[in-house]
Every structure is written in C-alpha cells, then in structure tokens.
There are 2 protein chains.
Amino acid sequence: MLVVYSDRHQLHDPRHDIQGGVPADMVERPERAERILNALQASDTFEVRAEIDHGLEPVVAVHAPGLIAFVREASDSAATGMELFPDTFLHPGVSAGMSLTAVEPTDLTGRLGFWCFDTGTPVRQGTYAAARAAVDVSLTAADLVFDGEKAVYGLCRPPGHHAARSVFGGFCYFNNAAIAAHYLAQRTGGKIAILDIDYHHGNGTQQVFYAREDVLYVSLHADPRRAYPYFSGHSDETGTGPGLGTTVNLPLPAGVSDVEYLNTLDLGLDALTRYAPSVTVVSLGMDTYVHDPLGDFALTTPVYAECARRIAAIASKLVVLQEGGYHLPDLGENVRQFLQGLSGD
Amino acid sequence: MLVVYSDRHQLHDPRHDIQGGVPADMVERPERAERILNALQASDTFEVRAEIDHGLEPVVAVHAPGLIAFVREASDSAATGMELFPDTFLHPGVSAGMSLTAVEPTDLTGRLGFWCFDTGTPVRQGTYAAARAAVDVSLTAADLVFDGEKAVYGLCRPPGHHAARSVFGGFCYFNNAAIAAHYLAQRTGGKIAILDIDYHHGNGTQQVFYAREDVLYVSLHADPRRAYPYFSGHSDETGTGPGLGTTVNLPLPAGVSDVEYLNTLDLGLDALTRYAPSVTVVSLGMDTYVHDPLGDFALTTPVYAECARRIAAIASKLVVLQEGGYHLPDLGENVRQFLQGLSGD
C-alpha cells in the first residue's frame, strides 16, 4: 500500500496545551507520526511517497481566506519557541439577537479568539508550514486514488477534522479530510463519502459539508454531551437544505467494546452503501484505543483490522487520512493493523 | 452619599486567570473592594449600608436560568481552592450554517465553554454567593435612588458589565448594572440609561438591551479592534428593532488624555440628555487610569471628579456601580474623587 508522508510535520512541535486552565504536556506531537511511520516501514507491505505541493487553491476552496491568512501570519509572527493561545472567544452568547457581522480585531489575542475555539491548539513558528504540508499529504493521497490505487494512506499531522470553514481548534488548523473530499468531488464529479472513526466528533468536517448533498459525512464518536468537542455530533444533526440526510452521527457511550463498536460501524457502513460514493475518505483516529489518554472507549488492537476489512468490503476506493491517536506505544501497530486489514492481509 | 457594600465579595477570591495560555496573578481580587471601601470610610461624606437580599427574580429577569444554575452548580461542585476554567468554547464558526439549537453538555468542562467566553473568569467555591451579593448591592442602591436619593454608589464586586444574557466572562458572572437597570425600568415604568465608563466595552450590557427602547446604553471604551472584549463595541452598533438608536458606542484610541476623554464624554452625555431617562446607572471602571495594568488610556485622578460633575449636571438620579479598575494604590482615591465630584464637593 502507498503511504504519503511529509517530514514537514516536524515543524509543528508544540509543547503545551491548556486543559481547564492548566498547562499540560501536548500529546499531539511529532513522535506520533514518527511512531506510525516506523511501524509501517518495518513491513515491506508499505511504500512511502513524499507529498506534492498542491498550492493554496484547494485550501481556499474549504476554508475562509481570513482563517488561512491568520494561521500564516500568526506563525510568521511567533518568536522561536513561543506558543500563541487565545483567551477570549467569539461566543454566540455575546452577540445573540444583535444580527451583527463579526469584525476581526487587529490585536493578536483578539484575532486568536476570532479564528480559534479552544485552548488546545497553539500556533507556533512552524505551524502554518506543517499544516499546509498535511493538506498536501491528503491531496497527494487523493491523487493516487484518483489515478487508480484502491487505497492510499496519508499520514497527516497535524490532524484536521476539528477545523471548520472559519475556525480552527482541537489540534487541527486546516481540515485535511474535508479538503481532500472537496478536491475529489471536483475531480471526479461524483459523490464522495467521509467516514470519521476518530474518538472525537469531526465538528469541522460536519460544518463544512452540512448543507451539501455531494459529500456524505458519517461519524462514530464519543457522545458530545460528555466528550470534546461538546457542541456538535448529536444523532439528530442530519444535514440541512440539499444536504439533509447526508450527515450521520453515531455517538457512543463510554467503555464501548470491540463488538459494540463493530455493530455501530455496520450502521455507518449501511449509510455509506446506500449513498454509493465514488471515493470514501476515512478520518482515522486511534484515540478509540483502550489505552488512549484522551479517550474512554475499550477497543483493542485486533478490532482495527476488522474495522478495515468491513470498510474495504463495501468501499472500492479509499483515501485514509490520519487524525488523532495519542497512546504512543501501540499507535504504530494499531495503524498498521488497520491498513493491513484494508488490503485483506 | 450612601454607599452600599457587601463583605460577601470576599467569598470570591480567585488566584489566577489565563492570559494567552499563561496563568497570571488575578487582578480582580478582594483587595480592590477593600481599598475602595477604606478610601470612602476615611471621609465622613460617605455612609455605608449593607446590601438587602432581593432574591433570584431580578437576576432571572436578565439572565438565562441555565446560566444562573450553572454558576451555582459549578461553585457548589468546586473543591476548596479549585478554580474552574473552560478550554473549549461554543464558537459560531463551528455551527455556521447549521441552524442548530446548541445543547448544553453534561461534562463540566463542556458546560464551562457553553456558558463562558474567556479564560479570565474562574468559578470557585464562593463565586456564586459573591456574584449574587454584588447583584443585591446594585439592587439595594437602585432602591435607595428610587426612594429619593439623588446618587448612590454600589460597591459591586465581582463586576458585571461583561455578562450577557446567556454567557459570562471578563471577571463578571451576573450583570449588576443590567439587572439594576431592568429592575428600575420595571419599578419606575420610565426610561433608564446606562452610562458605561469602564475602560472595556460592556459587551454583556449591550447584548441585554440591544433590542430594547426603554434602556439606553452609552459606552466610552477602548476600541475593541485592539482591546478586550474584542468582538463588540464598534461605533456602528446602534441597536436593533425597537432598540435602534438606543446603543451608543464611543470607542477610543490608546493614550487618550483627560481632555480628549472629557470631549468624548460630552458626546455621550448629549445622547443621555436627548434620551431623558428617569434614572441613569453608571458602570464605573477605573481601568481608564493612566497606571492601570489592563488599560492604555492616560487619564489622571482629577479627571474623575470632572467627569462626575458633568454627569451630575445632566442626570438627576444616579446609581453608580463599580466595574473594573486594577491599579490598587490609587483605586480608592480615584473612586472617591468621582463620587465627590457627583456631590459637587
């Protein structure tokens, strides 16, 4: 299987995030991608390719120009080692009933809270370059599938599925999966599906495609009432306008077992089968793993191969993009199991 | 002059806020109110009264029941010394175009980001009790003016003007000035004005009254493009519906001098004069002072007396409520100058 990887992810090396007001060691760090790469390189099943620069156009097709400019400018302005966090956020409660168009502040802290929704997503000097490289990884993987590969893995880092059209957060800056899905929709002229099996709801991906009928979004995730990102991912969120019915949320309780997870995956795959996409983008998160520090599911390593077999059985073309997963000791092996399950190995 | 004070503000004694991701010493602390009280008690011009419990009804009239319940429950749940901060915020970018009713999470961190817009406003064990007492201070001051006093000072702490109907922040939990103004509007059946001369825009107060014609909101403040709270307070925000024209924002540049400030105050007072309220509530912030650690204006102590003289010249009934002001050495004297200026002393 082809694997697309960029070493430019190393340019984004945050040390902290802020959890409940307390600085904590950042779990979304370069070692994640290196562990996965090493696990795949240990097997001769995988061939690693570098990313190809696709320019800004596919990013602008999904994200607000102001968001892209802000991440670039904030990265450029950060001193070496400095991590920029917002502290004051554009919150709908402040403008409720006022019908105003929000004005981007000139102050850096104000701009951070205008474009970002959490304190988990610092901007550093190399953030923009790394986030752009992750987009190119996703687009390069998409090209390879468009050109005939059955399944290609893009080792994206930073991840992407929490980035919405006009706001970033959740360790994510640009939405790799959404950008690849939109790009494939344009290239193929056909329907695209995104299957999101990260522990967390892909609130950004959902927002990007909520009103579109040409991209199906199916997500299995921790119930947002108890888990990040909290404010979307409920089962009654099903799309709007022409996109009505093309969002499928399958929230899950704490402690979900392999069997329960696979049963729910089958429901998601039924929706995929009915939609009959030309290509399926998989947002692959390994934070569903029993030992993951951010999750509360009970999935074990073998379930990833079984998930992959079931996905491969119904999807003919697959672009698999890395999202979360933070238990470093088993992260590479879990990804390898998933990818080998896709190949039927 | 009568001064209403509650020692219950001491129950809210936060140690930190989070500025740009970095924990910092909290400047909104009990010593602020004690400094002011001491400065006033040193003069025999002032007579201190205790607050009277007004119950929950006036608070519910302005704030969402869920917000009130959350502050109470979070305060009750906090262990001694623990400070609760949000890290993930309800941000309009995440739900843009989705037309969803936001669902309050069950998780405490999720609830914090649902009801609060910044990392400057920790909830502690005594927060709810102190915030309720500050409301009672404002309502007791309002009663005294309703009963015939020309001007009464309510030494509110925590402050209030950043708390909107459904969200708190900016060191504020319940909006003392908005609650007093609404209460006076009900009691008098007449028009009420709020003159906000804190350094920061009173985004919460504006939101509460934006669509109402019976309460005028006039604010002088740092331009939100460069200063907290960043996302409202522009001069083109003038109200909506029946409230069109009853919001007057006068944003100011950095380094504003006494003369420039007084000239702008005159513009605000012109609006007040045209509106002809039965009572004016003053949101009094001393963070406009040249040495204030949060501000960038250049106002000096004598300007506060002059501001007060000009306000008293056009307003017959005044409820003056403390908002910000963080330069402790001169805080009490600045407030005393203002209040003595009101009395014509």
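Every chain is numbered from 1, with letters handed out A, B, ... down the list of sequences.
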Checklist entry - By side-chain contact (heavy atoms from CB on, under 4.5 Å), which residues pair with A/Ala271, not counting sequence neighbours? => result A/Val218, A/Val248, A/Arg274
Item to check | Exercise: identify the closest heavy-atom pair between B/Gly93 and A/Val167 | outcome: C-CG1, 3.6 Å
Produce the donor-acceptor pair table for chain B versus chain A, cut-off under 3.5 Å.
residue, atom, partner, partner atom, Å
B/Gly20, N, A/Asp87, OD2, 2.8
B/Asp87, O, A/Thr119, N, 2.9
B/Asp87, OD2, A/Gly20, N, 2.8
B/Phe89, N, A/Phe117, O, 2.9
B/His91, NE2, A/Gly113, O, 3.4
B/His91, NE2, A/Phe114, O, 3.0
B/Ala96, O, A/Gln207, NE2, 3.0
B/Thr106, N, A/Arg225, O, 2.8
B/Thr106, OG1, A/Arg225, O, 2.9
B/Asp107, N, A/Arg225, O, 3.0
B/Asp107, OD2, A/Tyr230, OH, 3.2
B/Gly113, O, A/His91, NE2, 3.4
B/Phe114, O, A/His91, NE2, 3.0
B/Phe117, O, A/Phe89, N, 2.9
B/Thr119, N, A/Asp87, O, 2.9
B/Gln207, NE2, A/Ala96, O, 3.0
B/Arg225, O, A/Thr106, N, 2.8
B/Arg225, O, A/Thr106, OG1, 2.9
B/Arg225, O, A/Asp107, N, 3.0
B/Tyr230, OH, A/Asp107, OD2, 3.2

Item to check | Non-hydrogen atoms of B/Val123 and B/Leu112 that approach each other most closely | outcome: CG2-CD2, 4.5 Å
Next on the checklist: Looking only at heavy atoms and a cut-off of under 4.5 Å, which of A/Ala227, A/Pro229, A/Gly204, A/Gly113 has the most pairs with chain B?
Outcome noted: A/Gly113
Next on the checklist: Heavy-atom pairs under 4.5 Å with chain B - which of A/Leu90, A/Val208, A/Leu84 has more of them than the others?
Outcome noted: A/Leu90
Checklist outcome for this item: Scored by heavy-atom pairs under 4.5 Å with chain A, the best of B/Pro86, B/Ala164, B/Pro224, B/Gly110 is B/Gly110
Item to check | Part of A/Ala96 within contact of chain B (heavy atom distance under 4.5 Å) | outcome: both
Item to check | Separation between CD1 of A/Ile194 and CG of A/Leu216, rounded to the nearest 0.5 Å | outcome: 8.5 Å
Checklist entry - For B/Pro253 and B/Phe297, which heavy atoms make the closest approach, and how far apart are they? => result O-CE2, 3.5 Å
Next on the checklist: As an exercise, state the distance from SG of B/Cys116 to CZ of B/Phe85, rounded to the nearest 0.5 Å.
Outcome noted: 9.5 Å
Checklist entry - Minimum heavy-atom separation for B/Phe174 to B/Ala131, with atom names? => result CD1-CB, 3.7 Å
Checklist entry - Relative to chain B, which segment of A/Leu100 carries a heavy atom at a distance below 4.5 Å: side chain, backbone, both, or neither? => result side chain
Checklist entry - What is the distance from atom CZ of B/Phe168 to atom CZ of B/Phe117, rounded to the nearest 0.5 Å? => result 9.5 Å
Checklist entry - Which bit of A/Pro23 is near chain B, if near means a heavy-atom gap under 4.5 Å: side chain, backbone, both or neither? => result side chain
